[in-house]
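Notes for the one structure printed next.
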Amino acid sequence: MTDKSNTEMLLPQAGIPGYIPQPKKNASEDVIGEYKKQVQQLGDKGLKEDKTGLSAKLTYIVALAWAFFQMSTASWLLLDSLYVKAFHLAFALALIYLNLPTLKSELKSRWDLRILLAMKRVTIVDWMIGIVGVIGALYIVIDYAGISERPGMPIGRDLIFGVILIVLMLEATRRVLGPALPIICGAFIAYVFLGPYLPDVVAFKGATLSRFISQITMDTQGIYGVPLHVSATVVFLFVMFGTMLDRAGGGAFFTRLAISGLGQYRGGAAKAAVVSSALSGMVSGSSIANVVTTGTFTIPLMKRLGYPATKAAAIEVASSVNGQLAPPVMGAAAFIIAEYVNVPYVEVAKAAAIPAFASYIALLWITHIEACKLGLRGLPKKELPKFFVELKNGLHYLIPLAVLIWELVVEMHSAELSVFRAIIVLAIIMVLQPVAIAKVHDADLWAAFKFGIKNTLNSMAAGANNMAGVALATASAGIIVGCVSLGLGQQITSFVEALSMGNIFLMILITAVASLLLGMGLPTTANYIIMASLTAPVIVTLATGLTLHGQEIAIPLIAAHLFCLYFGILADDTPPVGLAAYAGAAIAKANPISVGVQGFLYDIRTAIIPVFFLFNSDILLIGIESLPVSLMIFAMTGLGMVAVSSAIQGWLIDKVNILERLILVAATVVLMFPALISGYVLPYEQRWWGYLVGIALFGIAFLSQKVRYGAKKKNQAAVAESDEELAVS
């Protein structure tokens with residue numbers, strides 16, 4: 001078998017996953033026989049998703065109904081936002097209880113008390129619990145008029161349904177996300193009720209059950225608050241958009257395009273992994289989904305090229321985790337930031353642009369460094385797909401992305417309307433794409449059209465299934481937000497502020513460490529909501545009065561929120577629990593802890609950026625309207641990231657010494673925060689002249705490396721020549 005075929009086997013199939021043009025009825029026996037053979041092979045690979053049973057059918061119906069409901073509320077269906085949130089939560093609860101049993105066990109008996117331990121499939125008990133949970137979620141809609149007439153004064157029925165909703169919602173969260181988030185929610189609830197009995201240092205006045213239920217389940221400051229609102233109006237559509245694009249073949253297109261463009265260069269497979277993960281992550285907004293979709297192809301390619309399994313997985317994990325930071329979609333938490341900070345989502349995407357793409361530049365540089373250390377080369381050009389052929393074949397995948405960006409940036413429409421229109425365009429493409437393929441292959445057009453319809457509906461249902469965990473995470477986090485709103489937040493904030501002793505830098509360290517620790521057991525969105533609620537206002541407050549060279553430095557609220565988001569996302573590959581690291585390790589057949597450690601080392605560059613943009617809001621383009629200035633800031637931030645990556649990895653052109661490492665660190669600080677140097681001699685408005693110092697420092701390290709590397713090569717050549725002369729003699 002040739003290398004060419006090896007490479008093609010590792011690459012994802014171009015086109016629509018799972019689609020084979022069905023021949024016309026009057027086709028020859030050879031054509032029909034070949035079609036049956038390909039269908040059989042496809043089934044053997046498990047791509048048919050052979051699901052049977054009532055649960056599977058109900059799941060599909062509920063998921064598809066949810067998708068159409070959310071599409072309707074984004075276009076023609078006018079409902080009170082509270083109704084939308086209630087139905088959103090009800091659909092999520094239904095999907096969880098339809099699919100996930102109470103506990104995992106191998107017990108097969110389903111007709112005694114051990115029914116609660118069934119694992120093979122959910123039981124009638126799970127369905128009954130789910131129905132009660134759905135009623136609990138919809139209770140605020142069912143008795144909307146009555147609840148409106150008794151604000152803050154719940155009656156007995158309100159209390160019963162409120163308790164049922166909280167308990168069953170936390171149970172559903174445990175089933176889909178694990179025990180960490182329900183435990184944290186339980187701790188906050190316990191604090192509310194036990195606060196008066198705690199020591200004075202941490203004591204809290206507490207709340208009655210009536211006030212607690214009213215706040216958490218009958219108000220918009222609890223479960224039905226901002227996080228669930230964002231999930232119900234915007235995040236759902238973006239998640240569905242990403243799922244549909246991947247099911248249409250967009251993920252395979254991004255991977256093949258990246259390999260065809262970068263595969264021939266040193267460490268090309270790793271560079272392609274970074275680019276393809278960035279492209280996929282921009283749309284999917286999920287670390288684990290990104291690892292599973294692109295990593296399935298890029299990790300084996302990297303291993304084939306010579307990367308150790310641990311490093312191959314770590315590179316994929318690091319690039320996939322950063323996908324949640326890359327505009328235009330980013331992760332679910334980015335939309336919540338827009339609501340909390342009260343700015344259009346486009347402003348959040350604009351602020352996140354330079355940090356995200358500078359971080360990817362640094363990761364590309366790290367892959368190059370690793371390739372240099374390992375002495376790796378790229379893949380032969382003849383083995384790679386043709387770039388322009390791949391681009392031409394997948395150009396239609398870029399149309400819905402272009403529509404999304406046009407709607408967001410040019411038309412300045414809301415994120416909800418923008419992604420709705422992008423989904424409509426994508427759905428049309430998904431229906432017509434197999435018809436076009438069938439036309440080219442002279443195959444059955446009607447069968448192709450039916451496949452397109454079915455694939456589109458399946459993709460919408462898959463997107464809804466993917467949203468269940470996000471919806472439960474945001475709703476559960478709403479419990480914490482509600483507890484904070486009861487007055488608990490002021491108590492905790494005061495405690496955290498006292499813990500930091502009023503020092504902004506210690507506060508930043510506490511927030512970063514707490515985000516990483518919480519992120520080990522929480523999804524990014526819930527982690528961000530908790531940390532932003534408790535620490536973002538404190539960071540902004542403690543920065544008040546902070547000056548540098550006589551210039552006051554104010555930390556914008558959006559910077560504090562992005563700081564919490566960044567460290568929450570980094571937890572996805574932080575050992576010992578980083579879920580993205582486990583996913584990458586499974587594909588690479590490597591130790592997940594080793595992958596997590598290596599991935600975290602790669603992601604130190606991402607941890608450095610938020611520390612700088614807290615004090616240098618230029619990196620977030622706050623107040624920057626000039627395109628040339630924006631490009632200059634991006635270039636300098638990217639160079640700063642390259643410098644710090646070289647310092648951490650210990651390699652620039654060759655292995656760096658201690659002095660060069662210190663120079664590179666100094667260059668990073670100046671390039672990321674030029675006012676630190678320019679402020680000594682220039683006013684703040686001319687702070688960008690400080691970049692020249694950073695460039696000079698980087699140049700000194702580079703020239704030092706260049707001279708030493710040249711001398712090393714010269715000595716090696718002389719030794720080789722001497723050895724050759726000895727061999728001849």
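- Residues satisfying the salt bridge (Lys or Arg N to Asp or Glu O under 4.0 Å) criterion with K311, sequence neighbours excluded, are E370.
- Formation of a donor-acceptor pair under 3.5 Å by the Y360 side chain with backbone atoms of A326 is not found in this model.
- Within the 4.5 Å cutoff, side-chain heavy atoms of F241 are placed close to those of L404.
- Between F563 and F567, the ring planes lie tilted relative to each other; the angle falls in the 30° to 60° range.
- Contact of the I423 side chain with the L237 side chain is registered, since non-hydrogen atoms from C-beta on lie closer than 4.5 Å.
- For T474 (side chain) and A471 (main-chain N/O), a donor-acceptor pair under 3.5 Å exists by modelled atom type.
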Would you tabulate the side-chain donor-acceptor contacts of residues 229-236 under 3.5 Å, counting partners in other chains and residues two or more places apart, or write 'none'?
| residue | atom | partner | partner atom | Å |
| --- | --- | --- | --- | --- |
| S231 | OG | H88 | NE2 | 2.9 |
| T233 | OG1 | H229 | O | 2.7 |

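- With rounding to the nearest 0.5 Å, the separation of CD1 in I399 from CD1 in I429 is 4.5 Å.
- Interatomic distance, CD1 of I648 versus CG of D603, reported as 10.0 Å (0.5 Å rounding).
- When every heavy atom of Q598 is checked against every heavy atom of A314, the shortest pair comes out as CG-CB, 3.5 Å.
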Chi angles and distances behind the ring pair (Phe, Tyr, Trp, His ring centres under 6.0 Å) call for F673, F612: CA-CA 7 Å; F673 195 6; F612 281 106; 7.2 Å; no

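- For the 3.5 Å distance criterion, the side chains of H368 and Y265 fail to qualify, holding no donor opposite an acceptor.
- With sequence neighbours left out, F335 forms a ring-ring contact (aromatic ring centres under 6.0 Å, His included) with F238, Y345.
- Nearest heavy atom pair, residue A560 against residue A536, reads CB-O, 3.8 Å.
- The side-chain hydrogen bond (donor to acceptor under 3.5 Å, both in side chains) contacts involving residues 620-647 comprise W365-S646, where partners must be two or more places apart or lie in separate chains.
- Residue L364 is tested with V642, V274, I369 for a side chain to side chain contact (heavy atoms under 4.5 Å, CB included); the sole match is V274.
- Two residues are said to be in side-chain contact when any heavy atoms from C-beta on lie closer than 4.5 Å; L601 and I604 meet this criterion.
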Candidate pair T243 and S459, rule side chain to side chain donor-acceptor pair (under 3.5 Å), full reasoning: CA-CA 6 Å; T243 304; S459 301; over 6 Å; no

Verdict with supporting geometry, N616 and M672, side-chain contact (heavy atoms from CB on, under 4.5 Å): CA-CA 8 Å; N616 179 19; M672 301 294 286; 5.7 Å; no

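- No side-chain donor-acceptor contact under 3.5 Å links K85 to the backbone of V226.
- N527 places a side-chain N or O within donor-acceptor distance of the main-chain N or O of S515, the cut-off being under 3.5 Å.
- Atom OG1 of T544 sits about 8.5 Å away from atom CD1 of I555, to the nearest 0.5 Å.
- The 12-atom threshold is exceeded at CZ of F387, counting heavy atoms of other residues, nucleotides or ligands nearer than 6.0 Å.
- The list of side-chain hydrogen bond (donor to acceptor under 3.5 Å, both in side chains) pairs with a residue in residues 666-676, not counting sequence neighbours, is empty.
- A 4.5 Å side-chain heavy-atom check between H561 and C564 finds every atom pair outside the cut-off.
- Between the R605 side chain and the A362 main chain, no donor and acceptor come within less than 3.5 Å of each other.
- The heavy-atom pair separating I663 from A701 by the smallest distance is CG2-CB, 4.0 Å.
- Of all heavy-atom pairs between G584 and V291, the closest is N-CG1, 3.5 Å.
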With a cut-off of 3.5 Å and sequence neighbours excluded, list every side-chain donor-acceptor pair involving residues 347-356.
none

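- Looking at heavy atoms from C-beta onward, M240 lies out of side-chain contact with M467 at the 4.5 angstrom threshold.
- In this structure a side-chain-to-backbone donor-acceptor pair under 3.5 Å is missing from Y602 to L363.
- For the residue pair Q551 and T547, no side-chain donor N or O sits within less than 3.5 Å of a side-chain acceptor on the partner.
- Note that NZ of K271 is 14.5 Å distant from OG1 of T298, once rounded to the nearest 0.5 Å.
- Listed here is the closest heavy atom pair of G638 and I361: O-CG2, 4.4 Å.
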Derivation of the side-chain contact (heavy atoms from CB on, under 4.5 Å) call for I480 and I529: CA-CA 9 Å; I480 297 171; I529 292 169; over 6 Å; no

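- Checking T255 against T294 by side-chain atom types alone, no donor-acceptor pair falls below 3.5 Å.
- Proximity of I315 to M302: side-chain heavy atoms (C-beta onward) are separated by under 4.5 Å at one or more points.
- For R687 (side chain) and Y684 (main-chain N/O), a donor-acceptor pair under 3.5 Å exists by modelled atom type.
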Residues L565, L562; criterion side-chain contact (heavy atoms from CB on, under 4.5 Å); working and verdict: CA-CA 5 Å; L565 173 63; L562 281 171; 4.1 Å; yes

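- For the atom pair L620 CG and L614 CG, the distance stands at 8.5 Å (nearest 0.5 Å).
- In this structure, OG in S678 is found 11.5 Å from CH2 in W689, a value given to the nearest 0.5 Å.
- At a threshold of 4.5 Å between non-hydrogen side-chain atoms, the residues L664 and V644 do not count as touching.
- In terms of heavy-atom proximity, G690 sits nearest to V670 at O-CG1, 3.2 Å.
- Using a 4.5 Å cut-off on side-chain heavy atoms (C-beta onward), T367 and Y307 make contact.
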Evaluation steps, ring pair (Phe, Tyr, Trp, His ring centres under 6.0 Å), between F505 and F615: CA-CA 11 Å; F505 301 104; F615 303 103; 5.5 Å; yes

Stepwise side-chain contact (heavy atoms from CB on, under 4.5 Å) check, L395 with L398: CA-CA 6 Å; L395 204 57; L398 301 179; 4.0 Å; yes

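- A donor-acceptor contact shorter than 3.5 Å links the side chain of Y397 to the backbone of A248.
- Checked against S617 for a side chain to side chain contact (heavy atoms under 4.5 Å, CB included), the options I622, I553, I558 give a single hit: I622.
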